[in-house]
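We count ligands from 1, going down the list as the structure has it; atoms in each ligand are counted the same way. The shown structure was predicted, so the numbers you read here are calculated from the model rather than taken from an experiment.
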Amino acid sequence: MSQRETKPFDYIIHNVNIATLANQYTNSDNPYGVIENGCVGVNGSVIGYLGAYDPELKADEYIDGEGQWLTPGLIDCHTHLVYGGNRANEFEMRLNGAAYEDIAKAGGGIISTVTATRAASEDELFKSAAKRLKSFMKEGVTTIEIKSGYGLDTHSEIKMLKVAKRLQQKFPIRVSTTFLGAHALPPEYKNNADAYIDLVCNEMIPKVAELGLADSVDAFCENIGFSYEQTERVFKAAQQHGLPVKLHAEQLSDQSGAGLAAEYQALSADHLEYLSEESIKKMADNGTVAVLLPGAFYFLRETKLPPLEALRKAGVPIALASDSNPGTSPAQSLLLMLNMACTLFRMTPLEALQGVTIHAAQALGIERQAGSIEIGKKAELALWDIEHPNQLSYQLGGSSLSKTFKP
Ligand code: DI6
Ligand code: FE
């Protein structure tokens with residue numbers, strides 16, 4: 001008590017129901033780890049008190065939660081938020097009969113966004129990404145991962161990552177940056193993918209690491225992306241530069257990419273519709289998070305479901321993300337992804353919420369700071385005008401966010 005009296009909290013949020021999603025508070029009777037009519041005390045940027053309201057608690061500011069619900073701030077752990085142009089025209093093409101792979105092979109798809117991204121200035125990229133970012137923030141997102149991957153030359157990849165860093169400076173949000181140079185083959189390396197991977201490994205990764213522009217390295221392992229061997233070369237280069245890896249894996253076919261990623265202690269393997277039992281086991285053994293992306297599944301009208309039951313059985317943590325990108329998931333809503341994960345994948349509302357909080361934090365390697373409400377973690381919180389947190393998955397559009405707290 002004496003410590004509290006001498007050093008009051010910066011602020012206290014009281015009269016709130018708290019869905020902590022923290023292991024220490026969850027059990028089978030209380031799966032969301034709820035503290036009813038609870039109170040959170042924050043010092044600096046850190047949660048210093050969590051529990052019942054105690055009139056002895058002193059603070060500079062008292063915030064009345066009016067009986068609303070407090071959750072961890074939401075985390076979108078897989079986005080391509082920064083890019084030039086949009087691909088509404090290709091959306092229309094697909095509705096007139098063309099397949100995603102046909103469009104990619106015809107030089108459209110990712111490459112058309114590469115052309116627009118290369119042509120755009122840093123300011124232009126910032127402006128268009130900021131618009132999308134605001135839309136995510138209106139729904140309680142306090143951490144967002146942003147990948148490069150539409151520059152595909154050293155200068156343009158760095159330009160994208162700098163824009164992502166600038167978004168973090170200009171908005172009250174945590175941005176985790178990912179270098180995705182091995183996203184697609186740029187036109188100047190047509191039929192020479194190995195030479196492009198040389199460039200990624202020998203020039204881009206060292207440069208990005210030296211400039212401190214990336215928190216991790218990703219690749220697109222797919223028959224229209226990069227092979228298993230090429231992906232492994234990217235992982236080795238990342239490892240040499242001390243950067244953790246993650247992977248776009250098994251989105252359109254099984255390339256054993258998720259298993260490879262797990263062998264490199266990847267933070268996450270993402271997409272996973274075509275994931276095999278063998279790779280699931282490797283993910284479970286190595287603590288690699290499965291990131292499911294219902295937006296891309298929906299937008300491509302994919303029919304092969306990710307193996308949810310097998311992932312559950314193996315105890316692989318499952319995260320959910322928007323994959324916000326101009327080609328396969330032009331999403332600007334993370335809450336919508338919760339609903340899609342429930343309706344399309346049959347995830348439960350609890351799993352969906354864990355997927356954008358505690359499991360998403362693990363997918364970004366920030367689980368010691370964010371993802372649940374616990375003493376010692378950062379006060380990155382969202383306050384909702386709802387009757388129960390399951391409503392976040394239930395609602396189809398709209399946002400019940402009252403406020404976010406972000407240091
Ligand atoms: N998989 C995807 O769904 C996106 N990237 C990837 O590797 C698609 C990116 C795009 O089409 O622009
Ligand atoms: Fe993606």
Verify whether the ring centers belonging to F297 and F345 lie closer than 6.0 Å.
yes
Within the 6.0 Å centroid threshold, strictly below: H388 and Y32
yes
Can E145 and T178 be counted as having a side-chain donor-acceptor contact under 3.5 angstrom?
yes
Taking atom types as modelled, find out whether N286 and E263 have a side-chain donor-acceptor pair closer than 3.5 angstrom.
no
Sort by chain and number the protein N/O/S atoms found under 2.8 Å from the Fe ion (ligand 2).
H78 NE2, H80 NE2, H248 NE2, D323 OD1
Parallel, tilted or perpendicular, judged at 30° and 60°: which one describes the rings of Y11 and F405?
parallel
Indicate the ring-plane relationship of H248 and H271, choosing parallel, tilted or perpendicular according to the 30° and 60° boundaries.
tilted
For [X], atoms of ligand 1 separated by under 4.0 Å from a heavy atom:
X: I110; value: 9 (C), 10 (C), 11 (O), 12 (O)
X: H248; value: 1 (N), 6 (C), 7 (O)
X: H271; value: 1 (N), 2 (C), 3 (O)
X: Y150; value: 9 (C), 10 (C), 12 (O)

Does E222 approach ligand 1 within less than 4.0 angstrom via side chain, backbone, both or neither, non-hydrogen atoms only?
neither
Contact region, D323 to ligand 1, non-hydrogen atoms below 4.0 Å, reads side chain
Can you tell me if T113 has a non-hydrogen atom under 4.0 Å from ligand 1?
no
For ligand 1, is Y83 a contact, meaning one of its heavy atoms is under 4.0 Å away?
no
Would K134 pass as a cation-pi partner of F136, given that its NZ or CZ must be under 6.0 Å from the six-membered ring centre and within 45 degrees of the axis?
no
Check for me whether R166 meets the cation-pi criterion with F171, that is, NZ or CZ under 6.0 Å from the six-membered ring centre and within 45 degrees of the ring axis.
no
Pick from I366, L364, I144: which one makes a side-chain contact (heavy atoms from CB on, under 4.5 Å) with R174?
I366
What are the two closest non-hydrogen atoms of A310 and E277, and how far apart are they?
CB-OE2, 3.5 Å
How far is [atom] from its nearest protein heavy atom, and which residue and atom name does that atom have?
atom: atom 1 (N) of ligand 1; answer: Q251 OE1, 2.9 Å
atom: atom 4 (C) of ligand 1; answer: T328 OG1, 3.7 Å
atom: atom 8 (C) of ligand 1; answer: Y100 OH, 3.3 Å
atom: atom 5 (N) of ligand 1; answer: H183 NE2, 2.8 Å

Enclosure of E188 CD (heavy-atom neighbours >12, cutoff 6.0 Å):
yes
Per the salt bridge (Lys or Arg N to Asp or Glu O under 4.0 Å) rule, which among D76, D215, D218 passes with K147?
D218
